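What follows is a single structure, written as structure tokens, with notes after it.
Quantities reported herein were computed from a predicted structural model and do not represent experimental measurements. So that the names make sense, note that chain A is the first sequence line, chain B the second, and so on, each numbered from 1.
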Protein chains: 2
Amino acid sequence: MSDSDTSNSMPERKRGSGVKVVYDLLRDEILDLVLPPGSPIDEVQLAERFKMSRTPIREALVRLAGEGLIDTLPNRSTMVANINFLNLHTFFDALVLMYRVTTRLAAQHHRPEDLEVIRARQAEFAAAVRAQDALAMIATNAAFHSAIAEAGRNPYFTGLFNRLLDEGRRILRLYYQSYDDRLPQRFVDEHEEMIAVIAARDAEAADRLARAHAEQIVAQIQKLFARTGRLDLAL
Amino acid sequence: MSDSDTSNSMPERKRGSGVKVVYDLLRDEILDLVLPPGSPIDEVQLAERFKMSRTPIREALVRLAGEGLIDTLPNRSTMVANINFLNLHTFFDALVLMYRVTTRLAAQHHRPEDLEVIRARQAEFAAAVRAQDALAMIATNAAFHSAIAEAGRNPYFTGLFNRLLDEGRRILRLYYQSYDDRLPQRFVDEHEEMIAVIAARDAEAADRLARAHAEQIVAQIQKLFARTGRLDLAL
DNA sequence: TGTATTTTATTTGTCGACAAAAATCGCCTT
DNA sequence: AAGGCGATTTTTGTCGACAAATAAAATACA
């Protein structure tokens, strides 16, 4: 017999788990552009999809709205938040600065166990590059830098940085085709250098490397935008 | 007849307004330490206090939890988030950097109408100093710097900065008695200098002034902590 | 008397239903 | 035929109630 039956079927869900399930899944679908910006979010549709009441769905949506991933206009439809292409420099400014700050702090405050996590993330990123899996590259790259931020041990910075990395995932996901050139290997090498200076606790070098790394990524993204012709997505 | 009676009394509340009312009020009470850290939050108590169901209360609490103002442990009580005195340097690091970044960006990107808002906030702060109203000083000082951040026009930075300013309000509120010395007037003067360099679009000077201003505030807070004996509040 | 176990009580998470706002559709008037 | 007006439908916000999970109290036992 299969393992799907315990007593009757499997309608048993632990008490507080419903919201987290729908929150995590919706979040992933938004960040991976399975739900592209502007997609309408229907509460009852989600309710019957997850086989639960509207209440936990609603709570998940409130959380997502708090993070700016969905927009809710009162008494009216709620939809996936748009990516703001007009003020993209705003995003780049914040991204570059957070790259620098988090990497610098990681060099100053990391503990040995942090390095293991960072190296594990880097290995996953390198594997994604070898496999030429662009989707995995995007996700593992974000995870790598998020691990560095965690090692910096400043929750205010890690909170903001993770939000920026999420937004970056959505932007890169739009143009992930272009990841199939020789640039990813360069990113792998730069990541290795960053790990080295973090381990050496060289804050200045970490700052310099992070800045160069971030600005190269920004240049890459901007080149992609220029090539693809700015806006190919509905506002 | 009075204006309080339309039909029976005044149970009429507009449809989507309940959550905002609860959210705003609870937020203010938390930031002003009317609800000190660790205070239990009772849903049914709030429900009967605001004369509404638990549902909108719950949504407001989810929003507040998303901003880190309350802590919710699953299936168990929810309470006002504690101020993390152990990792206070973490807060100071973030605060100093955000002071610098937002002031620098304001010097670069502000528009004429921004300056009017900033000057208005500065006038309110100066009035609070003259009136020796410590509570008003704390609030108007935060509003002043928030206005500068808005002029910098980077929503990622303003979001983080506003959160830091909120946390700073709670910390300063703990020790607001010490505000009754001659330091506030110095803050007023420094604010004036900051406005001047922003208006002159001198980004480097803005950065320098903001850094000095922030570090002086940090030093002031740390002195307060040393004098008061570190921890006089329940963890 | 102290500790373990059962019982009660309190509080949270979830549900189904109802009511208010908009949007959509249909009808009427000009 | 075009546009305005009213009715219907759809979707959201709110409510009261119920059930699970945990804490507190009461009881049993050594």
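Across all their heavy atoms, R163(B) and G68(B) have their closest contact at NH2-N, 4.4 Å. In this structure, I41(B) and L46(B) approach most closely via the heavy-atom pair CG2-CD1, 3.7 Å.
Salt bridge status for E124(B) with R121(B): present, with a side-chain N to carboxylate O gap under 4.0 Å.
Partners of H191(A) by ring-ring contact (aromatic ring centres under 6.0 Å, His included), not counting sequence neighbours, listed by chain and number: F125(A), F144(A), H145(A), H213(A). Applying the side-chain contact (heavy atoms from CB on, under 4.5 Å) criterion to A65(A), with sequence neighbours excluded, gives I70(A), T72(A). Partners of R76(B) by side-chain contact (heavy atoms from CB on, under 4.5 Å), not counting sequence neighbours, listed by chain and number: L73(B).
For residues 38-53 of chain B, proximity to DNA chain D is found at M52(B), S53(B), defined as any non-hydrogen atom under 4.0 angstrom from a strand atom. Within a heavy-atom distance below 4.0 Å of DNA chain D, the residues of residues 68-79 of chain B found are N75(B), R76(B).
Applying the salt bridge (charged side-chain N to carboxylate O under 4.0 Å, His left out) definition to pairs two or more places apart or across chains, none involves residues 79-91 of chain B.
As rounded to whole Å, 13 Å separates atom C1' of dT11(C) from atom CG of L61(B). Atoms CZ (R54(B)) and P (dT14(C)) sit 11 Å apart, rounded to a whole Å. One interatomic measurement links the two molecules: NZ of K20(B) to P of dT14(D), which rounds to 14 Å at whole-angstrom precision.
DNA chain D is contacted by both S17(B) and R15(A); S17(B) maps to the nucleotide lying nearer its 5′ end (nearest heavy atom per residue).
Two residues are said to be in side-chain contact when any heavy atoms from C-beta on lie closer than 4.5 Å; T90(B) and R153(A) fail this criterion.
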